[in-house]
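Read the numbers this way: they start at 1 and go in the same order the structure lists the ligands and their atoms.
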Amino acid sequence: MQLLNVYDYREVARRRLPRGMFEYIDRGTQDEVLLRDIRTVLNSIKLNQQVLNDVSAIDTSVTVFGERQAFPAIVAPTAVAGLVWYDGEVQIARAARHAGIPFCVATQSMTTMEEIADRAKGANLWFQLYVFEDRALTQDLLRRAKSLGIKNLLLTADTARSPKKEWNDRNGFGIPIKPSLTGALDVLNHPRWLLGVLLRYVMTTGVPTYAHYPEAYRTKITRESVWDNVKLARRLTWDDAAEIRKLWDGNLVIKGVLAKADAQRAVDIGAQGVVVSCHGGRNLDSARVSIRVLPEIVDAVGSRMTVLADSGVRRGSDIVKYMAAGASGVLMGRAPLYGAAVGGEGGAKGVLDILRGEIENCLAWAGCSSFEQVDRSLIREERYDPR
Ligand SMILES: Cc1cc2nc3c(=O)[nH]c(=O)nc-3n(C[C@H](O)[C@H](O)[C@H](O)COP(=O)(O)O)c2cc1C
């Protein structure tokens, strides 16, 4: 199959990954209303085509938090990147380095931040923080990120509860991986993944699990005893965010903001940025679509902090639309995962190259030779169905 766009990679990823894992990555929550809405809204936003501007040379680069990057995308933190391919996080971080964009390491990654930093040397790494019940563990993660020279910390604030992913209950997939008959049959039906990913881990580092969790969590026998400490904090408030602001001397970015008032509070506690995110349709199914909220938030706080955004990027034009709506950079979750599931570093590179090329083409039709010319006048929302 020719791999010409992100959807092609998704289709091959769907065939290669065990169904439980593919659905964990690909799907939304509950009725998946938000998952559909994200695409409907992105598709309904139209770009003004402008002609006869000189677009012979297009510069897709932007500056985010003082660093120049090749195009305005950031690989979003995703908990299972290390399971789509053996060594997945290192592979995607290398692809991001090659593409000239940042890679955000997740608290729940399968590989430690130290190992990713070492094996993808020179990559622009960010770190995503989930706050544990045991705050000392959180402080330890911050200390480790700092000592690696990581400057940008995303504090994920929109996961106050575990989302209701009903098909994961049905298909037996979960992390930590637990044996189940449905899960075992699913894996046996995908021998390539079984041999190339799971068994490779088992033979080298053991059954993959969250690498930033304490040692005791990683053995079956002691896992239960530390479980309460590593549960995501149910009581996470602006006071905690302010506390993290004090502990962390780099840029603090609050991820998951969808209300003007919350963006304002992020400014008040001294955060340097927010990610306007509806978590790719994976958390609150009734949430608003992030690109709709984005202009409101940019108007409210855009002059005082960096406003990033995410959810639903499958085409370069989606990134251009987010930038036109006021984002300074756009995170992508699933797209690089589909790439890595197809071919590790090479697959992730393939996806990032395609997206960069699509951005360039899109800018050309929009009559813009750089993102400096991209603003809100470039987009309009048309709510009719043009068919
Ligand atoms: C498989 C998967 C795991 C994710 N894990 C995390 C996570 O651990 N922390 C976090 O802040 N966001 C997580 N996200 C959300 C992404 O960071 C991002 O907000 C979202 O994927 C953007 O939507 P997109 O996938 O349509 O690009 C995850 C997303 C996916 C698809």
*Asks:* For Asp140, check side chain to side chain contact (heavy atoms under 4.5 Å, CB included) against everything at least two apart and list the hits.
*Replies:*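 Counting only residues at least two positions away or on another chain, Asp140 forms a side chain to side chain contact (heavy atoms under 4.5 Å, CB included) with Arg143, Arg144.
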*Asks:* Starting from Leu284, walk the hydrophobic network (Ile, Leu, Val, Met, Phe, Trp, Tyr; side-chain heavy atoms closer than 4.5 Å) and list everyone else you reach, by chain and number.
*Replies:*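 Members alongside Leu284: none; it stands by itself.
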*Asks:* Same cluster for Val313 and Tyr7 if Ile/Leu/Val/Met/Phe/Trp/Tyr side chains link at under 4.5 Å?
*Replies:*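 In one cluster with Val313: Tyr7, no.
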*Asks:* Can you name the salt bridge (charged side-chain N to carboxylate O under 4.0 Å, His left out) partners of Lys146, sequence neighbours left out?
*Replies:*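 Partners of Lys146 by the salt bridge (charged side-chain N to carboxylate O under 4.0 Å, His left out) criterion, ordered by chain and then number, come out as Asp249.
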*Asks:* Can any side-chain N or O of Arg334 pair as donor or acceptor with the backbone N or O of Gly280 at less than 3.5 Å?
*Replies:*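 Checking the backbone N and O of Gly280 against the side chain of Arg334, a donor-acceptor pair under 3.5 Å is found.
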*Asks:* Centroid-to-centroid, His212 to Phe127, below 6.0 Å?
*Replies:*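 Ring-ring flag for His212/Phe127: true, centres closer than 6.0 Å.
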*Asks:* Please output the residues near ligand 1 using a strict heavy-atom distance under 4.0 Å, listed in chain and residue-number order.
*Replies:*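 The answer is Tyr24, Ile25, Ala76, Pro77, Thr78, Ala79, Val80, Gln128, Tyr130, Thr156, Lys255, Ser277, His279, Gly280, Arg282, Asp310, Ser311, Gly312, Arg314, Met332, Gly333, Arg334, Leu337, counting any residue whose heavy atom sits under 4.0 Å from ligand 1.
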